Amino acid sequence: ELPTIYVITPTYPRPEQIPELTRLAQTLMNVPNIYWLVTDDTDTPNQDLIDYLTFTGIPHTYLNTPMPPKYSGHKVKPKGVANRNAGMEWLRQHASKGVIYFADDDNTYDIRLFQEMRYTEKVSMWPVGLVSNKEGLSTPVVSEGKFQGWFEGWNGGRTFLVDMAGFAVPNATMPYKPGHEEDGFLQSLHISPYDIEFKAEQCTKMYVWHTQTKKSSHQPNNIFKKKYDNTNI
Ligand code: UDP
Ligand code: MN
C-alpha cells in the first residue's frame, strides 16, 4: 500500500480560480493515493468549486479558511498562510501518517514529482523552476550526494532557502505550531540541511515550476448579459 500524500492547496476567489484548479486537479487525477485539502481564502463556500472537486473523484476535503481580517489593510499580505495552517490543523485531527506537500493553485506540476516525495523520511527537496527570475530555479546545491548550500537569488537570513513548492515532509513530524513560511516551518521540524533527502535524480530534474497566471482585469458585466435572458449565457 502506497503512503498517502496529503496535498494542501491554498486558493482564493477570483476569475482564475476554477481554471487554475482545473489544471491542478487534472494533474492530481493522474496520481494514486492522494488526499487533497483545498483551502479556500473566503468564508463563502464556492459551490461550483465543490461540485468540480466531486467530479474529479479525487479524495478531498474543501475548507473555508479566510485570512484574518487584521491583514486587510496590509500591503504585503500573508498569502496562503491561514489556508496552510488550517490544512495542517485538519491533518492533526484526521491523519497520522503519510506525507504533506503544499501545492499552490497556480504552479505547474509534473506527476513524477509525487512519485519522488512519497517515501519522505525527514524532508525531501528538489528543484523548483522560477520562470520569471534571473536564476531560473531554486534548489539545494548537491555535490557527490552531499548538501553544499542553496542556489537562490534571495537569502533573507534564512536557514532553508527553499520555495514552498520545493519540499515535502512526513505527516508524523508535523510541528504543533505551524510556521508562517517555508523557513519557519522547516526550522520548527528540528531538521538540518544535512537531513535533506535529495529527490529528482539528486536535484538534477525539474518536476515543478513556480508559475504565475496573468491577472485578468475583467469584471463580470451583468447589465450586458441582461439582453441574453432565456439563452445559454
Ligand atoms: N492566496 C490566497 N489568498 C490571497 C492570495 C493568494 O489564499 O489573498 C493563495 C494562492 O491561491 C496561492 C498561494 O496563496 O495558492 C500563494 O499566492 P500567489 O500564488 O498569489 O503568490 P506568489 O506565487 O505570487 O508568491
Ligand atoms: Mn503563485
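This structure is a prediction, so every number in the text was calculated from the model and none was measured. Remember, it's 1-based here, ligands and their atoms both numbered in the order they're listed. This chain uses plain numbering: 1 for the first residue, then up along the sequence.
Ile5 is not listed as a side-chain neighbour of Asn33, based on a closest heavy-atom distance of 4.5 Å or more. A 4.5 Å side-chain heavy-atom check between Asn171 and Lys97 finds every atom pair outside the cut-off. Counting heavy atoms from C-beta outward, Asp104 and Tyr109 have side chains that approach closer than 4.5 Å.
Checked against the 6.0 Å centroid criterion, the rings of Phe167 and Phe160 do not qualify as a close aromatic pair.
Just one of Trp126, Tyr6, Tyr207 meets the ring pair (Phe, Tyr, Trp, His ring centres under 6.0 Å) condition when paired with Tyr101; it is Trp126.
Protein residues with a heavy atom under 4.0 Å from ligand 1 are Pro10, Thr11, Tyr12, Asp41, Met67, Lys79, Gly80, Asn83, Asp104, Asp105, Asp106, His210, Gln212.
In terms of the side-chain contact (heavy atoms from CB on, under 4.5 Å) criterion, residue partners of Ile50 (sequence neighbours excluded) are, by chain and number, Pro45, Gln47, Tyr62.
The closest side-chain donor-acceptor pair between Glu20 and Thr213 falls under 3.5 angstrom.
For the Mn ion (ligand 2), the set of protein N/O/S atoms nearer than 2.8 Å consists of Asp106 OD1, Asp106 OD2, ordered by chain and number.
For the pair Lys122 and Asp195, the salt-bridge criterion is met [side-chain N within less than 4.0 Å of a carboxylate O].
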Let me check something: any side-chain donor-acceptor pairs from residues 73-80 under 3.5 Å, sequence neighbours excluded? List them with distances.
{"unit_1": "His74", "atom_1": "NE2", "unit_2": "Lys70", "atom_2": "O", "d": "3.4"}
{"unit_1": "Lys77", "atom_1": "NZ", "unit_2": "His74", "atom_2": "O", "d": "3.2"}

